[in-house]
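For reference, the structure is listed below as structure tokens.
Since this is a predicted model, take the numbers as computed values, not measurements.
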Protein chains: 2
Amino acid sequence: MSSHKFKTLDREPVYVKVSRAIEQEIVSGALPEGALLPTEGELCEQFGVTRSSVREGIRLLEQSGLVERGPAKRLVVRAPKISEIAATASRSLAHGGATFREVWETLALFYPQAARLAATRLAPDAIGELKDINQRLRDSENGDVTVDSAVAFFQTIAAGLDNRVMLAMLQSLNIMIGASLAHVIGETPRAKTRIVEAQQKIIAALEAGDEDKAAEWMSRHMDDLMRGYQVAKADLDARIL
Amino acid sequence: MSSHKFKTLDREPVYVKVSRAIEQEIVSGALPEGALLPTEGELCEQFGVTRSSVREGIRLLEQSGLVERGPAKRLVVRAPKISEIAATASRSLAHGGATFREVWETLALFYPQAARLAATRLAPDAIGELKDINQRLRDSENGDVTVDSAVAFFQTIAAGLDNRVMLAMLQSLNIMIGASLAHVIGETPRAKTRIVEAQQKIIAALEAGDEDKAAEWMSRHMDDLMRGYQVAKADLDARIL
DNA sequence: TTATCATGGGTTGTCCGACAATCTCAAGAT
DNA sequence: ATCTTGAGATTGTCGGACAACCCATGATAA
């Protein structure tokens, strides 16, 4: 029988420990945004490890967006941008096998609510931007421009909500829906005219501050997107690319 | 005047190029999930760089969740788990200064919709789990258990929606709201009883498949959470920790 | 025969030392 | 005062070395 239990030994590689140690200092606030980290040489001394290990640890932090190379290539603490968070999340989800159906379903559930909020919160210049986007979509001949405009419409609404958490999530959806639509919507004039019209109705509702109408038309807008996808006879359950 | 324009030279560090090269092979599908990557030595040969650079490049991939050390410590391609995606996103948002107000607002906007979907989709055993959680919340004396139960309730609903994209986003919110509430809800019996009741109403609506009631009570549930926060007289615009 | 053990080669984790490229900053030149 | 130059510091990359570790193969014991 066992008389005493030993805890499993600490077998993390050193470079992970280095990464964690620095991360700890950052998230705890001891190293605020913009603070300069010690040089690699100093980190070696302080941790008592070699530069190779320190550098590998730094790479982990670099990828997670907590530090970047600043002036004189010194390491600087920074906060990841929303767009980076969204890009990372959407890339991971895509690689994890997310399907168009999942993305669309989420979009269809969340964006009408976002539109509702936008009706009470969107700034006038954001509404102006939406009108420009709508015009560009109407003029678009090229398929890429069509998709870009459709996505930009969402993006502008999301950005105008004055909520970083919501923006990060909606932006992730925008990226995924864009990547998905780009491979599908070539020439689907019927779907396009419907999208143009839905956008105009949404813009009108936002301008009037009518929450219900904004949500209602955004919901129809989502249906139009789905229709475009179906017209192209694409597989809803295929991985987005 | 300048007679010819040169493109800016490629001054990415080698380890970044290594990382990108491997990432490209993975996202393109050439290296499917579970595939073994070449050994570090082989990568050195193929890329024509030293092990130091290869290893630093690998760290970038490691942190982004695209590879992990498999049997015999060989590198294996893998898909990041939803929980990791959510953890990364929420950590980044928290570090980026997200406030309780932002998190709650997003929660309040999205979760009623999630409940609506859950009413038509949640499996019976998930509903059973919700009942267990509600019971545990009712019995809870300890503040931590209270918070855990409240979060677990959300988590179970999110997990039952059969949609990885939605799950990732809702789970991010769960993590952030949990971290936030943990620092605030100590003993707020009034808020707790309201939360218990709201959960019960939601469970009943889900069981009956009543979308509107599920959304309605989830919405009130969100209000109760906010009330708990206000009872604790916490600053809504402070960074979540 | 089957189970256990030892051995050896291959791979990773860590260390050390070296050097070119680049950046900072301050002294010196115009 | 501004520009140039040069020393010093720091990062990026290289090369080599070795211990720890993992796996498979074969040897040994039950």
Polar atom pairs (N or O), protein with nucleotides 15-17 of chain D, under 3.5 Å:
none

Close N or O pairs between protein and nucleotides 4-8 of chain D (under 3.5 Å):
none

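Applying the side chain to side chain contact (heavy atoms under 4.5 Å, CB included) criterion to A:R121, with sequence neighbours excluded, gives A:L117, A:D162, B:E105.
Nearest heavy-atom pair, B:G96 versus A:A79, reported as atom, atom and distance to 0.1 Å: CA-CB, 4.0 Å. B:I157 and B:L122 get closest at one heavy-atom pair: O-CD1, 4.0 Å. Looking at every heavy atom in both residues, B:R164 comes nearest to A:L93 through O-CD2, 4.1 Å. Nearest heavy-atom pair, B:V145 versus B:S140, reported as atom, atom and distance to 0.1 Å: CG1-CB, 3.6 Å. The two residues B:I177 and B:F100 come nearest to each other via the heavy atoms CD1-CE1, 3.5 Å.
Contact check on B:K17 versus B:E12 returns no salt bridge, with no Lys/Arg side-chain nitrogen under 4.0 Å from an Asp/Glu carboxylate oxygen. Note on A:R59 versus A:E56: no salt bridge recorded, every NZ/NE/NH1/NH2 to OD/OE distance being 4.0 Å or above.
Nucleotide D:dA20 holds its P atom 12 Å from the CZ atom of A:R11, rounded to whole Å. In this structure, B:E40 atom CD and D:dC14 atom P are separated by 14 Å, rounded to whole Å.
Note that OH of B:Y229 is 13.0 Å distant from CH2 of B:W104, once rounded to the nearest 0.5 Å. To the nearest 0.5 angstrom, A:L61 atom CG is 8.5 Å from A:L75 atom CG. Taking OG1 of B:T106 as the reference point, atom CE of B:M222 lies at 11.0 Å (rounded to 0.5 Å).
DNA chain D lies under 4.0 Å from at least one heavy atom of each of the following residues of residues 53-70 of chain A: A:R55, A:R59, A:R69.
Surrounding CZ of A:R20 are at most 12 heavy atoms belonging to other residues, nucleotides or ligands under 6.0 Å away.
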Give every donor-acceptor pair under 3.5 Å between a side-chain atom in residues 81-88 of chain B and any protein atom, sequence neighbours left out.
residue, atom, partner, partner atom, Å
B:E84, OE1, B:R78, NH2, 2.8
B:E84, OE1, B:K81, N, 3.2
B:E84, OE2, B:R78, NH2, 3.4
B:T88, OG1, B:E84, O, 2.9

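Running 5' to 3' along DNA chain C, contacts with non-hydrogen atoms of chain B at under 4.0 Å begin and end at C:dT11 to C:dC23.
Residue A:Y15 is the one, among A:Y15 and A:K73, whose nearest nucleotide of DNA chain C lies closer to the 5' end (criterion: closest heavy atom).
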